[in-house]
2 protein chains.
Amino acid sequence: MSETPLDLTRDAAHVTAQLVDFRSESGTEKPLADAIEQTLRAYPHLTVDRHGNNVVARTNLGRAERVVLAGHIDTVPIADNVPSRLDEDGVLWGCGTSDMKAGVALQLRIAATVPEPNRDLTFVFYDNEEVAAHLNGLGHVAAAHPDWLTADFAVLLEPSYGEVEGGCQGTLRVVLHTAGERAHSARSWMGSNAIHKIAPILAKLDAYEPRRPVIDGLEYHEGLNAVRVEGGVANNVIPDACSVTVNYRYAPDLSPDEALAHVREVFADCDIAEFVVDDHSPAALPGLSHPAAQAFMAAVGGRANPKFGWTDVARFSALGVPAVNYGPGDPLLAHKRDERVEVARIRQGEERLHAWLTA
Amino acid sequence: MSETPLDLTRDAAHVTAQLVDFRSESGTEKPLADAIEQTLRAYPHLTVDRHGNNVVARTNLGRAERVVLAGHIDTVPIADNVPSRLDEDGVLWGCGTSDMKAGVALQLRIAATVPEPNRDLTFVFYDNEEVAAHLNGLGHVAAAHPDWLTADFAVLLEPSYGEVEGGCQGTLRVVLHTAGERAHSARSWMGSNAIHKIAPILAKLDAYEPRRPVIDGLEYHEGLNAVRVEGGVANNVIPDACSVTVNYRYAPDLSPDEALAHVREVFADCDIAEFVVDDHSPAALPGLSHPAAQAFMAAVGGRANPKFGWTDVARFSALGVPAVNYGPGDPLLAHKRDERVEVARIRQGEERLHAWLTA
């Protein structure tokens with residue numbers, strides 16, 4: 001195997017270091033995608049496909065179940081933290097160690113070392129996860145080749161500190177615009193103040209009691225929040241326009257339409273001139289009742305936690321594939337200059353995935 | 001008089017045109033101040049003083065009363081509307097016609113043509129009215145030579161379309177800051193939303209009933225308004241800071257301290273992290289009960305109106321000199337490209353001031 005661009009004969013911690021040293025900030029993933037493709041093509045038990053800088057490798061053993069192991073190969077911009085550095089405490093430092101080259105290393109090691117898994121495997125390596133949603137490689141593959149992603153269950157190896165995070169909450173962003181009429185502030189009664197008109201909107205938000213529904217045994221926690229407010233023309237002018245940007249994070253028992261209807265209802269009696277849907281990403285059900293998920297939970301141990309933030313598991317969910325996050329990185333260290341990962345946790349992840357897929 | 005820079009032998013409409021053609025955008029008033037000084041020094045009944053580009057001319061007849069006629073000599077930036085143009089309908093067009101070279105023309109004509117007024121006269125020509133308050137020439141004269149402004153009554157010849165506007169409302173601007181704690185909007189309960197905390201502030205503003213007190217027979221009209229609102233970090237972050245800029249326009253029966261105390265009281269039970277006084281200009285009483293003002297009102301006719309916006313009359317009020325606005329220009333045309341003034345109204349103003357000061 002020494003002739004392949006990546007050496008997958010070393011354990012996952014070594015592979016993580018190789019990947020970190022192989023710079024791949026969003027938009028510059030091609031060399032790493034090439035390396036992954038070329039390396040995996042050397043393994044005869046894998047079929048390898050490519051779409052843009054996204055690589056999909058599959059076993060084709062005719063197993064009763066198929067599971068996906070997926071990860072993005074891009075990182076946020078490097079901040080003087082490449083190449084990687086292994087310290088004496090067994091911690092590997094560097095850009096992407098946690099988010100999520102340690103997870104990609106697990107994918108590559110399973111691909112290389114488990115030629116006859118008990119379930120057929122699909123490995124997805126994709127680009128542009130750290131940037132705008134429309135660039136996301138997993139989204140491009142799902143649109144162009146949904147058949148490549150057909151499976152019973154998916155594990156996204158995003159950092160979750162070795163715990164399973166199920167499903168994800170949806171996120172809807174709307175901009176509520178109020179309208180008034182300009183006037184000099186010395187003669188304010190000649191106008192109508194658009195900032196004052198957001199008072200009932202903020203009162204609703206301030207009084208809002210978010211739901212905490214339990215789904216598949218996981219307690220989700222919603223939120224309805226103003227994330228931005230803007231209004232004002234000049235210090236002596238009654239403003240004719242104001243806007244409040246509201247973010248609704250909703251549990252996966254609501255469809256996108258239901259979530260939008262709920263937000264419209266909350267603000268129904270506010271004097272809103274324009275209601276703009278700015279962004280909407282649906283929630284994903286945890287799917288933990290599926291047999292493949294149950295076996296996965298049994299193999300990796302511990303209990304699942306709900307995922308509050310939106311993640312790419314929702315892209316699998318939209319294709320009808322239940323998905324969880326499970327990776328060795330620490331989500332709190334993602335995107336930080338002092339990003340790092342514990343080698344012991346990478347090795348533990350490799351052992352547990354290996355056990356699940358070879359039992 | 002033909003050897004002076006300005007020809008004051010022609011009527012006030014002609015003098016207005018001369019002044020408009022003598023460009024004097026704020027900051028460039030020196031040539032016009034020089035011309036006014038040199039012209040007035042040619043009149044032996046006047047004492048002329050100068051401070052910077054401000055010129056003060058006085059009669060010294062030992063009359064029982066002294067009144068001020070004041071006007072600023074600067075204009076807003078010229079917008080292809082100089083030189084002036086007199087049309088066939090008797091309308092003079094050009095930058096500063098209304099605001100306020102027609103008023104300055106009245107000052108100059110009275111100075112030149114009323115050598116023995118029934119009241120001693122003080123003519124104040126000042127610079128930098130159209131720009132930042134700290135540059136205002138009347139303020140500089142008031143600070144450096146308050147004795148030059150000593151009087152029983154003052155008329156500021158700002159555009160008021162030939163009507164008397166008494167006193168002015170004060171203006172107080174405060175910035176109310178709320179504070180929270182940042183969190184990812186997917187886990188909003190980990191933070192505290194500073195935008196939601198402005199809800200009670202806006203509710204107070206929305207419900208506020210402004211006073212309309214009658215003072216010296218003039219009905220003022222207060223206002224308490226948000227003129228700006230700002231908050232937000234990013235679309236997925238619970239914001240830790242928000243601010244509302246509030247403008248209180250208050251009637252001249254309140255002192256600056258009383259006005260500030262009132263605003264503090266309105267928002268006393270709101271959760272405000274910081275209360276910043278951003279700007280404060282006191283109100284001015286109309287002073288219409290003063291005998292000099294009564295005589296003025298009788299001479300110019302009509303009834304006085306309250307002045308809602310803040311004007312330089314407050315600078316006289318602060319010196320203990322009651323003051324009104326009375327000028328031939330139209331305030332609605334000030335600062336416009338199509339600024340203009342009716343010649344008939346300039347002549348009417350000249351006649352009425354002449355009548356008042358020679359009766």
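Only a predicted model underlies this, so the values are computations on that prediction, with no experimental measurement involved. Letters A, B, ... mirror the listed sequences (proteins, then strands); counts begin at 1.
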Passes side-chain contact (heavy atoms from CB on, under 4.5 Å), B/Leu224 versus B/Phe267? Steps please. CA-CA 12 Å; B/Leu224 185 70; B/Phe267 301 109; 4.2 Å; yes

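- For a residue to count as touching a neighbouring chain, one of its non-hydrogen atoms must lie under 4.5 Å from one of that chain's; by this rule B/Cys242 touches chain A with the side chain only.
- Here A/Val229 is the residue among A/Leu202, A/Val229, A/Val233 with the most heavy-atom pairs under 4.5 Å with chain B.
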Enumerate the inter-chain donor-acceptor pairs under 3.5 Å for chain A and chain B, one line per pair.
from: A/Ser185; atom 1: OG; to: B/Asn247; atom 2: OD1; distance (Å): 2.6
from: A/Ser185; atom 1: OG; to: B/Arg249; atom 2: NE; distance (Å): 3.3
from: A/Ser185; atom 1: OG; to: B/Arg249; atom 2: NH2; distance (Å): 3.0
from: A/Ser188; atom 1: OG; to: B/Asn225; atom 2: ND2; distance (Å): 3.2
from: A/Asn193; atom 1: ND2; to: B/Asn225; atom 2: OD1; distance (Å): 2.8
from: A/Asn193; atom 1: ND2; to: B/Ala226; atom 2: O; distance (Å): 2.9
from: A/His196; atom 1: NE2; to: B/Ala226; atom 2: N; distance (Å): 3.0
from: A/Asn225; atom 1: OD1; to: B/Asn193; atom 2: ND2; distance (Å): 2.8
from: A/Asn225; atom 1: ND2; to: B/Ser188; atom 2: OG; distance (Å): 3.2
from: A/Ala226; atom 1: N; to: B/His196; atom 2: NE2; distance (Å): 3.0
from: A/Ala226; atom 1: O; to: B/Asn193; atom 2: ND2; distance (Å): 2.9
from: A/Arg228; atom 1: NE; to: B/Asn235; atom 2: OD1; distance (Å): 3.4
from: A/Val229; atom 1: N; to: B/Gly231; atom 2: O; distance (Å): 2.9
from: A/Val229; atom 1: O; to: B/Gly231; atom 2: N; distance (Å): 3.2
from: A/Gly231; atom 1: N; to: B/Val229; atom 2: O; distance (Å): 3.2
from: A/Gly231; atom 1: O; to: B/Val229; atom 2: N; distance (Å): 2.9
from: A/Asn235; atom 1: OD1; to: B/Arg228; atom 2: NE; distance (Å): 3.4
from: A/Asn247; atom 1: OD1; to: B/Ser185; atom 2: OG; distance (Å): 2.6
from: A/Arg249; atom 1: NE; to: B/Ser185; atom 2: OG; distance (Å): 3.3
from: A/Arg249; atom 1: NH2; to: B/Ser185; atom 2: OG; distance (Å): 3.1

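- Here the closest non-hydrogen pair linking A/Ile195 and A/Gly232 is CD1-N, 4.1 Å.
- Neither the backbone nor the side chain of B/Val244 comes within less than 4.5 Å of any heavy atom of chain A.
- Neither the backbone nor the side chain of B/Ile201 has a heavy atom closer than 4.5 Å to any heavy atom of chain A.
- Only the backbone of B/Val237 comes within less than 4.5 Å of a heavy atom of chain A; no side-chain atom from C-beta onward does.
- Checked against side chain to side chain contact (heavy atoms under 4.5 Å, CB included), B/Ala183 has the following partners two or more places apart in sequence or in another chain: B/Met190, B/Ile238.
- A/Cys95 and A/Val76 make their closest contact through SG-O, 3.5 Å (heavy atoms, listed as atom of the first residue, atom of the second, distance).
- To the nearest 0.5 angstrom, A/Cys270 atom SG is 10.5 Å from A/Phe275 atom CZ.
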Check against side-chain contact (heavy atoms from CB on, under 4.5 Å), B/Val324 and B/Leu156: CA-CA 6 Å; B/Val324 297; B/Leu156 200 58; over 6 Å; no

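- Contacts with chain B were tallied for A/Pro239, A/Ala234, A/Ala203; A/Ala234 has the most, counting heavy-atom pairs under 4.5 Å.
- Across all non-hydrogen atoms, the minimal contact from A/Pro252 to A/Leu285 is O-CD2, 3.2 Å.
- Here the closest non-hydrogen pair linking B/Gly287 and B/Pro322 is CA-CB, 3.7 Å.
- The distance from the CG atom of B/Leu205 to the CD1 atom of A/Ile198 is 10.5 Å, given to the nearest 0.5 Å.
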